[in-house]
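Whatever order the structure lists ligands and atoms in, that order sets their numbers, starting from 1.
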Amino acid sequence: MSSPSTNAPLAPGLSNSTQSYGRVAKSFHWLTALLILTAIPLGIISNNMPFETSEELARKALVFSIHKTVGITAFFVALARILWAITQPRPAPLHPERKAETLAAEVVHFTLYGSIVLVPLSGWIHHAATTGFAPIWWPFGQNLPFVPKSDSIAETFAALHVILERVLIISLFLHIAGALKHRFVDRDSTLARMLPGATALPDLAPHKTGLLPPIGAVVAFIAAIGVGAALGKFSHSEAQTEAASLEAVASDWVVQDGSLGFTVAQMGQPVTGTFEEWTAAIRYDEASGTGDVEVTIAIGSLSLGQVTGQALGTEFFDATAFPTALFIADIAPADGIEGATHMATGTLSLKGVDLPLTLPFSLEVTEGTATMSGTLPLARLDFGIGPNYSDGSQVGLNVTVETALTATRAQ
Ligand code: HEM
Ligand code: HEM
């Protein structure tokens with residue numbers, strides 16, 4: 001086989017030529033390589049770091065923040081790089097007669113171009129759909145337009161991020177293996193023309209990239225997402241703990257509608273948890289404004305976004321050992337408490353700890369329908385919740401319980 005004659009070393013200009021990459025394309029290539037090869041180990045390390053204590057969680061969040069910030073930087077560099085590449089001729093392959101090898105190399109180039117946009121974008125959407133996680137270190141906020149806070153969006157994009165990141169890693173492996181083969185087996189200038197400096201290159205006829213390489217890359221992405229789906233990567237995680245099923249209670253006032261939840265700061269951002277299952281037995285005399293109440297809460301019915309499972313674990317609510325919480329209290333008119341008409345004074349039994357407390361609330365009864373709402377600050381450590389997260393930097397020490405309901409008088 002005749003090999004093309006090699007010219008004297010050619011110093012690259014800013015732009016690409018048929019022969020070689022220009023200085024801008026080379027700079028973009030190696031800057032992307034640096035960012036991507038930093039983001040990958042940081043992602044794997046941060047994802048596998050333990051978070052059993054406040055200090056461990058702080059360390060994990062720090063590494064995650066670096067991962068996300070490097071990843072977002074890679075995203076914008078990738079966009080600029082692709083815009084530049086579109087305006088540029090692509091250097092022709094040094095062995096165009098090796099059709100299969102050339103096609104494989106080009107398919108991999110397209111999966112790389114695709115993944116340097118899709119991997120950080122999926123991570124970013126996952127991040128924007130959740131609350132209370134390691135922040136991106138930049139001044140433009142943590143949210144994205146059109147991305148609502150949603151557990152299912154967050155879980156779907158977390159799965160996509162991991163699947164696409166695998167496509168990126170496999171493509172990179174093939175890409176680097178190809179570059180090394182050119183260098184050490186073929187001993188040609190394929191790697192050299194991507195490195196800084198002048199390279200001696202043969203005359204090359206212009207090469208046209210057909211539609212096959214981008215189509216091949218799209219097929220690779222679809223196949224990877226299909227494999228991910230078949231492996232159940234998109235099935236949304238359910239909290240492991242079964243919620244205790246609560247018997248209906250006899251009550252003078254029957255709850256028609258209501259909510260019971262709490263807000264706590266997670267990494268400085270408020271996150272809200274709600275209990276789906278709870279009952280309230282209420283006696284209330286309108287004339288005197290007094291009565292009593294017994295609220296039973298199925299702890300396992302908690303949903304707290306991405307950290308529900310962790311919240312139900314032994315460190316926090318320990319829902320298996322303590323499946324229900326109980327609040328038994330007497331109702332009386334509020335004694336000068338601002339913003340409240342009534343108060344419920346009694347005992348909260350939570351995670352094996354009984355503590356006296358008073359819940360101030362506002363109550364209005366119109367035509368047999370009572371509407372109440374109240375909030376109550378609690379110190380979670382008093383109930384042994386999250387003792388290893390005792391400094392409050394990652395999981396706030398104060399929790400605000402929020403409840404609201406409407407009830408009608410039983411017939
Ligand atoms: C240490 C690792 C790397 C080596 C040794 C390497 C080597 C090369 C070489 C030699 C080329 C030129 C191929 C040719 O002339 O046909 C190239 C092109 C390319 N590389 Fe890399 N690369 C590395 C890392 C990366 C990374 C991390 C990415 C992105 C995720 C990447 C994406 C690309 C793309 C998209 C092209 C095609 C550029 C174009 O023709 O438009 N490379 N690489
Ligand atoms: C080029 C950019 C990026 C690369 C190469 C990358 C790569 C990775 C890798 C390898 C993992 C580990 C997955 C595993 O353990 O299997 C990971 C996880 C993660 N990354 Fe990225 N990432 C990038 C950008 C981003 C960005 C921009 C964000 C958010 C703003 C982000 C958020 C995350 C999150 C939240 C996880 C954990 C996923 C989970 O819960 O399973 N990443 N990433």
Close side-chain approach of Asp203 and Gln19, heavy atoms under 4.5 Å: yes
Close approach of Phe110 to ligand 1, heavy atoms, under 4.0 angstrom: no
Parallel, tilted or perpendicular: rings of Phe262 and Phe317 (30°, 60°): tilted
Contacting atoms of ligand 2, where contact means under 4.0 angstrom from a heavy atom of Glu165: 7 (C), 8 (C), 9 (C), 10 (C), 11 (C), 12 (C), 13 (C), 14 (C), 16 (O)
Val70 and ligand 2 - part of the residue with a heavy-atom distance under 4.0 Å: neither
His95 touching ligand 1 at heavy-atom level, < 4.0 angstrom: no
Any Phe133 heavy atom less than 4.0 Å to ligand 2: no
contact_flag Arg166 ligand 2 heavy-atom lt 4.0 Å: yes
Numbered atoms and elements of ligand 1 in range of Arg193, under 4.0 angstrom, heavy atoms: 14 (C), 15 (O), 16 (O)
Arg183 atom CZ, over 12 foreign heavy atoms within 6.0 Å: no
With atom 21 (Fe) of ligand 2 as the apex, the NE2/NE2 angle for His67 and His161 - to 10°: 180°
Pair His342 + Tyr284: ring centers closer than 6.0 Å: yes
Test: Lys68 cationic atom under 6.0 Å from Phe64 six-membered ring centre, within 45° of axis: yes
Any Pro89 side-chain heavy atom under 4.5 Å of Asn16 side chain: yes
Nearest to atom 21 (Fe) of ligand 1 - the N/O/S atom of His29, by atom name: NE2
Between Asn47 and Lys60: side-chain donor-acceptor atoms closer than 3.5 Å: no
For Ala33, the ligand 1 atoms whose distance to one of its heavy atoms is below 4.0 Å: 24 (C), 27 (C)
For ligand 2, the portion of Lys68 having any non-hydrogen atom under 4.0 Å away: both
Nearest-contact summary for atom 41 (O) of ligand 1 - protein heavy atom, Å: Tyr113 OH, 2.6 Å
Ligand 1 atoms in contact with Ile116 (distance to a heavy atom under 4.0 Å): 29 (C), 30 (C)
Closest approach to atom 21 (Fe) of ligand 1 by His175, given as the N, O or S atom name: NE2
Location of contacts on Phe64 toward ligand 2, heavy atoms closer than 4.0 Å: side chain
Which residue and heavy atom of the protein sit nearest atom 11 (C) of ligand 1, plus the separation: Met194 CG, 3.9 Å
Per-atom contacts, ligand 1 versus Leu112 - under 4.0 Å to a heavy atom: 30 (C), 31 (C), 32 (C), 33 (C)
Nearest non-hydrogen protein atom, atom 28 (C) of ligand 1: Leu172 CD2, 4.1 Å
Which segment of Ile40 sits under 4.0 Å of ligand 2 when only heavy atoms are counted: both
Subset of ligand 1 atoms that lie under 4.0 Å from at least one heavy atom of Ile176: 2 (C), 3 (C)
Thr408 and Gln256: CA distance, side-chain angles, deciding distance, side chain to side chain donor-acceptor pair (under 3.5 Å) verdict: CA-CA 7 Å; Thr408 50; Gln256 302 298 331; 2.6 Å; yes
Whether His95 and His182 hold their rings parallel, tilted or perpendicular, with breakpoints at 30° and 60°: parallel
